[in-house]
J.: 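Below are the structure tokens for one structure; questions will follow.
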2 protein chains.
Amino acid sequence: MITMRDVAKKAGVSVATVSRVLNNKSVKLKTVEHVEKVMKELNYHPNQIARSLSKKNTKTIALIIPSINNPFFPELASAIENIAHAFGYKVFLFNTDSSKEKLTNYIDSLGSSFVDGVIMDSHMLEEEDLDKLTQMEIPIVKIDRSNFKDEFTSISVNNKLGGQVATKHLLDVGCKRIGHLKGTDEEITAIHRLWGYRSVLKEFDWFDQSWIAPGNYSVEGGYLGMKELLIRKPEIDGVFAANDLSAIGAMKAIYEWNRKVPDEIAIVGFDGISMARYMVPSLTTIEQPISKMGELAMKELIQLIENPGKKIESFELDIRLRLQESTLR
Amino acid sequence: MITMRDVAKKAGVSVATVSRVLNNKSVKLKTVEHVEKVMKELNYHPNQIARSLSKKNTKTIALIIPSINNPFFPELASAIENIAHAFGYKVFLFNTDSSKEKLTNYIDSLGSSFVDGVIMDSHMLEEEDLDKLTQMEIPIVKIDRSNFKDEFTSISVNNKLGGQVATKHLLDVGCKRIGHLKGTDEEITAIHRLWGYRSVLKEFDWFDQSWIAPGNYSVEGGYLGMKELLIRKPEIDGVFAANDLSAIGAMKAIYEWNRKVPDEIAIVGFDGISMARYMVPSLTTIEQPISKMGELAMKELIQLIENPGKKIESFELDIRLRLQESTLR
DNA sequence: ACATACTAAGTAATCGGTTACATCGTTGTG
DNA sequence: CACAACGATGTAACCGATTACTTAGTATGT
């Protein structure tokens with residue numbers, strides 16, 4: 001491996017000068033040119049690890065997400081990676097696969113100062129984990145699920161409001177019996193969406209818990225949950241699925257049950273993943289500004305990293321109803 | 001920041017001993033316990049960067065993919081990340097967004113020895129890039145698109161065969177006029193799939209280039225390309241789309257055109273992304289063993305990294321026809 | 001009892017950069 | 001003309017670990 005000393009020796013200057021050339025510090029133009037020529041000749045690449053060690057930064061962040069099967073996360077990751085790249089940061093992909101063990105594992109590793117910051121999107125965080133993270137004194141931005149106190153900058157949307165908008169919309173298009181495919185029980189987003197749904201329907205006398213089935217935030221879950229609802233509630237004519245994936249599963253179940261979307265059963269999802277537009281029929285959904293969330297998260301994290309005075313903030317971005325065929329009637 | 005010296009001082013031993021405790025080298029049990037206790041007390045975490053500098057490895061790999069919107073890549077990334085994690089490796093996500101500039105940028109950065117290896121899935125590699133990569137002497141595994149000579153270990157499937165299987169299947173279910181939504185012109189996989197399609201149909205006298213429309217490997221592209229075909233070839237009754245995304249777009253176009261899948265037009269995709277199963281109707285597709293490809297790639301890369309004697313190999317995995325409703329008639 | 005082998009631990013060099021401080025030559029000012 | 005100020009460069013310490021080499025102490029064998 002070619003090192004700075006090799007370059008210095010061949011160029012007849014000191015290592016300090018080579019370093020200065022690399023970092024655009026004051027060096028005579030002629031020297032710069034000469035040293036750069038030597039670097040080319042030797043095909044020299046500065047060692048990022050050594051640089052990180054003395055500079056005490058790595059220009060690297062960790063992105064912790066619970067799953068990669070839900071397109072929401074790739075879309076988010078894409079936005080994050082884009083901004084990161086634009087600002088010279090690299091992104092570690094830590095996929096916890098909804099496994100607590102893997103999450104703990106990753107969190108523990110963060111203490112080893114190989115990342116400058118963390119974007120965390122996980123519902124499985126417990127007090128213990130948060131304590132660890134706080135102790136590490138590493139900048140953190142939480143996305144999507146701000147279930148804990150305001151120790152970290154967080155980016156989220158109003159999930160309860162989203163649930164309300166979705167449910168009201170189903171009422172607006174004439175649905176009389178509206179079911180819900182809820183997300184996982186641990187996720188705060190899922191709980192809030194459920195609350196939104198319930199808050200709109202609680203005054204109706206037909207409404208009770210039996211209109212709620214598990215959807216598990218997954219296609220398979222939505223599919224199974226919808227089958228359950230179809231059996232239990234043949235009169236169902238509207239569904240609010242806690243996310244787009246489960247809505248897609250639900251549509252599949254409805255189709256197999258030989259019922260028509262939207263005429264017999266209208267359906268609303270949540271997230272606004274791009275695939276929702278291309279379903280047949282296209283899926284009405286509560287759209288989160290996914291890219292904007294990713295961009296904001298990354299930009300905030302960079303702020304946190306690069307100017308230590310930066311304060312913790314909470315951002316709540318707007319959702320909107322993206323009207324499509326699945327509720328068009 | 002707490003360092004090894006702090007631990008050493010407090011424990012009354014030398015830094016070497018602390019290091020040995022960390023690396024399970026021969027140390028008296030009593031000393032180990034004592035040092036570990038001190039580490040706990042000080043909340044000491046070894047600095048990964050310093051460790052990497054002296055060990056000359058980073059337990060990190062770079063995954064370079066062209067896009068994150070096509071679910072194929074998240075599914076691949078997921079498999080890779082899983083194996084990586086199991087073997088103690090971390091994964092950098094480099095998404096080139098089909099931008100040559102970003103790719104070059106990332107490739108150049110790889111010289112700085114901050115990764116032990118690279119998994120590369122990009123069709124945009126040019127001679128120049130390959131030269132750079134070869135010079136860096138960094139272990140590389142290429143996935144999916146082995147368009148260049150055998151300088152690197154590569155994992156792929158037989159795309160031409162896939163195109164043939166898909167097209168023959170459409171003939172088998174009774175299609176008389178079969179169009180193709182091709183992928184991007186630069187991607188070798190797309191070219192091979194097209195070849196497969198053409199090789200099956202070239203003997204038919206109705207067949208010519210005008211049955212091929214651009215699909216661009218994207219939903220939008222498939223949608224637009226299908227519209228084009230529907231206008232140009234009203235008699236079309238079968239479509240082989242170069243990937244699942246474009247097939248999904250095509251189904252949307254067909255639906256809007258008020259034609260029925262599969263009865264009036266049958267359609268086959270390529271890739272076997274999990275979403276294909278949940279389309280309405282579900283999408284028949286040429287299934288690549290995506291997870292297996294990712295796992296194999298990562299395992300091979302680890303081999304390459306950890307035992308330098310390891311030879312370059314080419315793996316061609318099997319594809320299979322995944323029969324679903326979109327060709328069921 | 002003494003040479004030999006082995007274990008546990010310490011000393012200091014090293015990985016490849018950055019940077020505080022020192023040095024030297026040049027230019028500017030009264 | 002003498003001295004201050006500044007710009008370009010060199011020297012060497014440092015970032016936080018690992019590890020080759022060395023040494024002290026203990027166990028084994030004859």
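Please read these numbers as outputs of a predicted model, since none were measured by experiment. Here is how names work: the chains are called A, B, and so on, in the same order as the sequence lines, proteins then strands, and each is numbered from 1. Hydrogens, waters and symmetry mates play no part in the numbers below; they use all other heavy atoms, side chains included.
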J.: Considering the options A:Met124, A:Met120, A:Lys100, which one meets the side-chain contact (heavy atoms from CB on, under 4.5 Å) requirement together with A:Asp129?
T.: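 The side-chain contact (heavy atoms from CB on, under 4.5 Å) with A:Asp129 is passed solely by A:Lys100 among A:Met124, A:Met120, A:Lys100.
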J.: Which one of B:Val141, B:Ile119, B:Val118, B:Ile138 satisfies the side-chain contact (heavy atoms from CB on, under 4.5 Å) criterion with B:Ile61?
T.: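 The residue from B:Val141, B:Ile119, B:Val118, B:Ile138 that satisfies side-chain contact (heavy atoms from CB on, under 4.5 Å) with B:Ile61 turns out to be B:Ile119.
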J.: Do the charged groups of A:Lys59 and A:Glu306 touch, with an N to O distance under 4.0 Å?
T.: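 The answer is yes: the pair qualifies as a salt bridge.
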J.: Going by heavy atoms closer than 4.0 Å, what residues in residues 17-29 of chain B are next to DNA chain C?
T.: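 Those residues whose heavy atoms fall under 4.0 Å from DNA chain C, taken from residues 17-29 of chain B in numerical order, are B:Thr17, B:Arg20, B:Ser26, B:Val27, B:Lys28.
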J.: So does A:Lys132 pair up with A:Glu151, basic N to acidic O under 4.0 Å?
T.: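 A:Glu151 and A:Lys132: not salt-bridged.
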J.: So, B:Asn159 versus B:Thr189: side-chain donor-acceptor pair below 3.5 Å or not?
T.: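 B:Thr189 and B:Asn159 do not have a side-chain donor-acceptor pair below 3.5 Å.
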J.: Taking only Lys NZ, Arg NE, NH1 and NH2, and the carboxylate oxygens of Asp or Glu, determine whether B:Glu81 and A:Lys102 approach each other closer than 4.0 Å.
T.: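 Salt bridge between B:Glu81 and A:Lys102, a charged N being under 4.0 Å from a carboxylate O: yes.
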J.: Starting from P on C:dG10, measure out to NZ on B:Lys9 and report it in whole angstrom.
T.: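 Computing the B:Lys9:NZ to C:dG10:P distance gives 15 Å.
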J.: Residues in ring-ring contact (aromatic ring centres under 6.0 Å, His included) with B:Phe94, at least two apart?
T.: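 Result, ring-ring contact (aromatic ring centres under 6.0 Å, His included) vs B:Phe94: B:Phe92, B:Tyr106.
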J.: Please figure out whether B:Ala16 or A:Ala16 has its closest DNA chain D nucleotide nearer the 5' end.
T.: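 Comparing both residues, the 5'-ward one is A:Ala16.
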J.: Identify whether the distance between the nearest side-chain nitrogen and carboxylate oxygen of B:Lys37 and B:Glu41 falls below 4.0 Å.
T.: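 Salt bridge present between B:Lys37 and B:Glu41.
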J.: Do any of residues 40-57 of chain B sit with a heavy atom less than 4.0 Å from DNA chain C, and if so which?
T.: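 Residues of residues 40-57 of chain B under 4.0 Å from DNA chain C: B:Leu53, B:Ser54, B:Lys56.
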J.: Using only side-chain N and O atoms of A:Thr31, determine if any of them is under 4.0 Å from OP1 or OP2 of D:dA8.
T.: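 False: A:Thr31 side-chain N/O out of range (4.0 Å or more) of D:dA8 OP1/OP2.
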J.: In whole Å, what is the span from the CD1 atom of B:Ile2 to the P atom of D:dC15?
T.: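 B:Ile2 atom CD1 is separated from D:dC15 atom P by 14 Å.
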J.: Rounded to whole angstroms, how far apart are CE on A:Met4 and P on C:dT14?
T.: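 Nearest whole value for this atom pair: 16 Å.
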J.: Think A:Ser14 has a side-chain N or O under 4.0 angstrom from the OP1 or OP2 of D:dG10?
T.: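 Yes, within the criterion.
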